[in-house]
Amino acid sequence: MTIAIVAAMHEELAALLAQMPDEQRVRVAGRDFWVGHLQGQPVVAVLSRIGKVAAALTATVLLERFQAQAIVFTGVAGGLAPGVRVGDVVVATRLLQHDLDASPIFPKYEVPLTGHARFAADTAISDALAAVAAGVLADTVGLLGQKAVEDFGLAAPAVHRGLLVSGDRFVSSAAESSALRNDLPDALAVEMEGAAVAQVCHDFGVPFAAVRTISDRADDAAHGDFTRFVSVVASRYSLALIDGWLATLPPPDEQDEAT
Ligand code: SAH
């Protein structure tokens with residue numbers, strides 16, 4: 001089975017692409033789809049670009065053109081819930097588009113004609129990602145070095161599971177993030193792609209999961225935190241999380257026998 005690994009920005013996927021020994025580049029719709037192997041598993045890795053439409057297009061190409069049988073989104077997000085700090089990891093259980101509102105015709109946040117506002121992530125993949133994340137976060141010094149851990153205050157990072165919200169907006173003011181917290185009190189973090197990919201995967205009946213490292217607190221300091229964090233930390237986190245998860249899967253020949 002081919003697993004698709006998607007991130008929005010180059011820095012989020014750079015370390016992972018460097019680990020794919022045999023990748024072939026296939027260019028579709030201006031994006032490079034890297035087809036190859038990681039941990040012996042067939043994968044296709046791609047940068048979706050930023051935002052919901054870019055992510056939905058990329059997901060559709062992955063499913064229709066590359067026959068991806070699961071999509072995992074990785075990258076960074078802004079922390080919303082009080083205990084979700086820079087350097088923590090969020091594994092989504094459900095995903096919602098916080099900027100979608102067709103009320104009063106449909107309830108706020110509901111994707112018209114689907115009956116859903118909150119799209120579920122695949123439980124088995126998400127459980128496995130959360131377990132790997134706990135192991136990765138237990139040794140941030142080993143992964144990033146002492147200096148980066150001190151600079152970013154990553155001494156005791158945590159894994160959180162719950163609602164991830166997406167919208168076409170980089171949330172970078174305290175006013176915006178507190179408005180989101182009021183409207184969606186159980187939202188752990190905010191980003192710009194995940195819920196769009198969850199909707200596409202739901203329509204195709206393909207499992208989806210999202211794992212995001214918190215790069216900022218979606219407040220007035222978000223931009224400064226974000227730029228530094230993504231370039232120093234995010235890429236290595238994404239590699240460790242995805243590589244660690246792929247290593248837990250049975251080898252491809254055993255998967256074939258099981259089906
Ligand atoms: N390149 C721009 C901003 C990128 S947009 C810059 O340097 O400022 C932010 C990207 O990271 C998106 O892909 C989004 O999914 C994620 N993200 C991280 N923090 C976010 C936040 N506070 N609000 C929205 N998206 C965020």
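One-based numbering, in listed order, for ligands and for the atoms of each. None of the values given here were measured: they were computed from a predicted structure. Positions are given from 1 along the sequence.
For a threshold of 3.5 Å applied to N or O pairs, the pair formed by Glu191 and ligand 1 contains no separation below that value. Residue Val171 has at least one N or O atom closer than 3.5 Å to an N or O atom of ligand 1. Any N or O atom pair closer than 3.5 Å counts here, and Met192 shares at least one such pair with ligand 1. Checked by distance only, ligand 1 and His223 come closer than 3.5 Å through their nitrogen or oxygen atoms.
If you check the side chains of Glu191 and Ser166, you find a donor sitting under 3.5 Å from an acceptor. A side-chain donor from one of Gln39 and Asp243 sits under 3.5 Å from a side-chain acceptor of the other. Residues His98 and Asp183 have side chains that never bring a donor and an acceptor to within less than 3.5 angstrom of each other. Side-chain atoms of Thr58 and Ser48 include no donor-acceptor pair closer than 3.5 Å.
The ligand atoms of ligand 1 that sit less than 4.0 angstrom from a heavy atom of Ala8 are 13 (O). Residue Ala218 has at least one heavy-atom neighbour below 4.0 Å for each of these atoms of ligand 1: 22 (N). Taking a cut-off of under 4.0 Å to the non-hydrogen atoms of Phe170, the atoms of ligand 1 that pass are 5 (S), 9 (C), 19 (N), 20 (C), 21 (C), 22 (N), 23 (N), 24 (C), 25 (N), 26 (C). Atom numbering of ligand 1 starts at 1 in the shown order; those under 4.0 Å from a heavy atom of Ala77 are 18 (C), 19 (N). Set against the non-hydrogen atoms of Arg169, the atoms of ligand 1 under 4.0 Å away are 23 (N), 24 (C). The contact set between ligand 1 and Gly78, taken as ligand atoms under 4.0 Å from a residue heavy atom, comprises 18 (C), 19 (N), 20 (C), 22 (N). Using a 4.0 Å cut-off to heavy atoms of Arg212, the atoms of ligand 1 that qualify are 15 (O).
Val72 is listed as a side-chain neighbour of Leu129, based on a closest heavy-atom distance under 4.5 Å.
The protein non-hydrogen atom at the shortest distance from atom 12 (C) of ligand 1 is Glu193 OE2, 3.5 Å. Nearest non-hydrogen protein atom to atom 16 (C) of ligand 1 is Val76 O, 3.4 Å. Among all protein heavy atoms, the one lying closest to atom 4 (C) of ligand 1 is Ile50 CD1, 3.6 Å. At the shortest separation from atom 10 (C) of ligand 1 among protein heavy atoms lies Phe226 CZ, 3.8 Å.
A salt bridge links Glu176 and Arg169; the closest N-O separation between the charged side-chain nitrogens and carboxylate oxygens is under 4.0 Å.
The side chain of Asp216, and not its backbone, has at least one atom closer than 4.0 Å to an atom of ligand 1 (non-hydrogen atoms only; side chain from C-beta on). Contact annotation for Ser215 and ligand 1: only side-chain heavy atoms (C-beta onward) come within less than 4.0 Å of the ligand.
Annotation: cation-pi geometry not satisfied between Arg217 and Phe226 (NZ/CZ under 6.0 angstrom from ring centroid, within 45° of ring axis).
The aromatic rings of Phe170 and His223 sit perpendicular, their planes meeting at an angle over 60°, well past the 30° parallel limit.
Of the possible polar contacts, none joining the Thr2 side chain to the Ala68 backbone as a donor-acceptor pair under 3.5 Å is found. Distance alone, capped at 3.5 Å, is enough to place a donor-acceptor pair between the Thr114 side chain and the Val111 backbone.
Within a 6.0 Å sphere centred on CZ of Arg85, heavy atoms belonging to other residues, nucleotides or ligands number 12 at most.
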